[in-house]
Amino acid sequence: MLKLKKVSKFYYSKGMVATGFTKISLDFNIGEFVAITGESGSGKSTLLNVISGLDSYEEGEMFINGEETSHYSEKDYEIYRKKYIGNIFQNFNLITSYTVYQNVELVLLINGYKRKEVKDKVLNIIKEVGLTKYKNTKVSKLSGGQKQRVAIARCLAKETPVIIADEPTGNLDSKSAESVLKLLNEISKNKLVIVVTHNYEQVEDYVTRKITMHDGRVIEDTKLKETPKENTVQTANYKETTALNKLRLGIRNTFNIIPKFILLLMVYLFIVLSISGTYSSFQKGEYETAKEMYNPYFSNLNANKRIVLKKDNNEAFNEEDYEKIQKINNVDYILKDDLSYDREISVYNEYIYLYGSMVSIDLLEGKLDVGRMPENENEIVIYANENDWMISNMQDSIIDKEFQIEELRNPSNNEYYKVKIVGIKYKSTGYSTTYYVSNNMLENVRKNIYETENETTYTYANRTYTSQNGNINNEVRPNANVPKGEAYISSEKTYDCKYSKCINYDLNINSANKYFTNNLNLKITKEYNKNNMNKLLGLSYEENNGAVFINPEDYTSLFKGNIYQSSVFIKNDKLAKETENEIKALGYDTFYILDGVSEDIGTKIIRIAKLIVLSILIIVLFFISYFVIKLILKSRNVYFSTIRMLGSSSKTAKNLLDIELNMITNIAYVIFISLILIANNIEGALKFIKDLAEFLTIKEYIIIYIILIIMSYLTSTRYANKLFKKSAMTTIKERV
Ligand code: ADP
Ligand code: MG
């Protein structure tokens, strides 16, 4: 059933040609027990390797079951080995880190059997070779004779018609050798057994045929016993290795050799910590810089903790809104009337000049350091740094003294606001000064802001004028001399009225901003001119010759508006993005102040540079890890060559490696995440790990995970390509 016709094998290396064997013609049959002898170097092993399909041949033809094999590809040889060949080697080629049971089971798992269905079979075979006592013993602990029995058991499990044994007793003492040969003889019924030996006497009793080789040629071929002419060949059952078996073996290999497992795990932990550590330190740097940066539109106090909001339907805020927002975990407090916060004002008298921004007295927490709480709407408390020299040294000149606010007029009399500072609270960080003021005063500030920012127009006699601050010709101005509901216009702007007389005409004023429009309908009752201006309004004509004058209360009503914008201050600014998203989900538009910091080109270049550094780091880490892993896996070559010899395809072998590295990657990642979770809950944990937790978001954790998985996949692919490029035999030989 196995036939060689003038087959030759040459070795080519470094331009030299060496001969393995030349022009060998042989014919083997089932039932034969063949011994091949000959001195060392005569070509015995080479012949067996060619017969085993572990090596190719260069000349002649080899037939198996009538099929010619010279055109066989590596894939065809894989099937050939699975179907026909069981190998036994001088040095056993067992998986020493597996138990006896696992070694025998391995060949069946690779050849597509299910784990459950092989159990009895494996135990029976182990019994047959007399190793039941050792079934759960690691092969590394067995004696040579026992090891060779395991190898035979493995051959039996494979159920191939051909068993090829290259000096199976070469490493055994004579007694073990004797029993191994006896065992081989026992199992040789219905099989073709070919044994290479240079100790012919040992096998003499069993063999049916003796072949002697010399210098790559057969010089003797003697039939010693008649063998039955058996023609039906029972080939081994085999299938592709199932995915489940691959997974099972991959996991078994991961933990099989503990030192190897720990080394690989450390490599991957090193990778994940390097990447995430570098990234988070970049993030941290950016965060620190951003804190320092300046946004021209907002007062920069606490900028890193402030999120500005408006309702997405543009309506005014109400108490319900504030209750909802306050419930969000990271929200510290809400600055309802936040327009005043960005409007820096000066509070001064003839001795003292202070500069700061206003917030509601409702936000004042804790005790005052000096003075008392306000009792009426014109009393305020200041919140200043304890090291502010002027404030701490002039407390007596501040407390209970009157001050004026330059930027703010009291709407009732249009005069500068007067306030009294009644209390001081000191802080140790931050140099800006804050005034805690009454809500009524804040409302007036808001009106003031709307006054300057609204677009105000007025219409009479079908002509519309736009009131512009600073352009006295078109301004609308409050004047206490004008009664409510009336308007005084300039006699120089009457050309649109009939006979240039505008008295009793309607005058409509409209004041609008993005959020609201206020209308006011007045009657023109007076026209002022050069002569009556002073008497009517108490002003001089030269300076006011085009304005419309109305009653101060009417004037104020034009700019009355609710709150359309508020700010939220958060507790932990590293979670700003998450909090922003939570607020958005409740129906608000948000703006995180730090997002508005001006980014110059330098920042962008630095960011790109960091990205490049990170990419280079990842590539360098890949190569370092590849070489370290290659070194660690060097000892695993035995494993991979053995399973290929047992009939595994190179694809299966690669899958096993993929699974193993992937498992370790995942374990490293889980350890990494656990470290972070633990560090996050322990005071005084490593600062490095704490930073990781603070500066990485879910998205970045996922990206790092993907990078790791890709790296481990590339590593196993690269390693597998190098290892499996060669024929199965070269792989086996390389480590021998
Ligand atoms: P045996 O098993 O009978 O001792 P081998 O089959 O191992 O002999 O070797 C036969 C011949 O082939 C020897 O001359 C040996 O040097 C040569 N040979 C074996 N393997 C290789 C190889 N990989 N490269 C080059 N020459 C080889
Ligand atoms: Mg040899």
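Numbers for residues simply follow the sequence, beginning at 1. Excluded from the calculations below are hydrogen atoms, water molecules and symmetry mates; all remaining heavy atoms, backbone and side chain alike, are included. Fair warning: this is a prediction, and the values are worked out from it, not measured in the lab. Both ligands and their constituent atoms are indexed starting at 1 by order of listing.
- Taking every non-hydrogen atom of S40 and a distance limit under 4.0 Å, the qualifying atoms of ligand 1 come out as 4 (O).
- The Mg ion (ligand 2) has an N, O or S atom of S45 closer than 2.8 Å.
- Close approach to G20 involves these atoms of ligand 1, each under 4.0 Å from a residue heavy atom: 10 (C), 12 (O).
- Looking at I704, L621, I618 one by one, the single match for side-chain contact (heavy atoms from CB on, under 4.5 Å) with I271 turns out to be L621.
- Here is the list of ligand 1 atoms found below 4.0 Å of a heavy atom in T46: 5 (P), 6 (O), 9 (O), 10 (C).
- Heavy atoms of T19 come nearer than 4.0 angstrom to ligand 1 in at least one pair.
- N171 contributes a side-chain N or O that, together with a main-chain N or O of Q90, makes up a donor-acceptor pair within less than 3.5 Å.
- Of all the heavy atoms in N245 and G112, the pair that sits closest is ND2-C, 4.4 Å.
- Using a cutoff of 4.0 Å between basic side-chain nitrogens and carboxylate oxygens, K260 and E660 are scored as salt-bridged.
- Counting heavy atoms only, G41 comes closest to atom 13 (C) of ligand 1 of the residues A18, G41, G43.
- Listed for the Q148 side chain is a donor-acceptor partner under 3.5 Å among the backbone atoms of F89.
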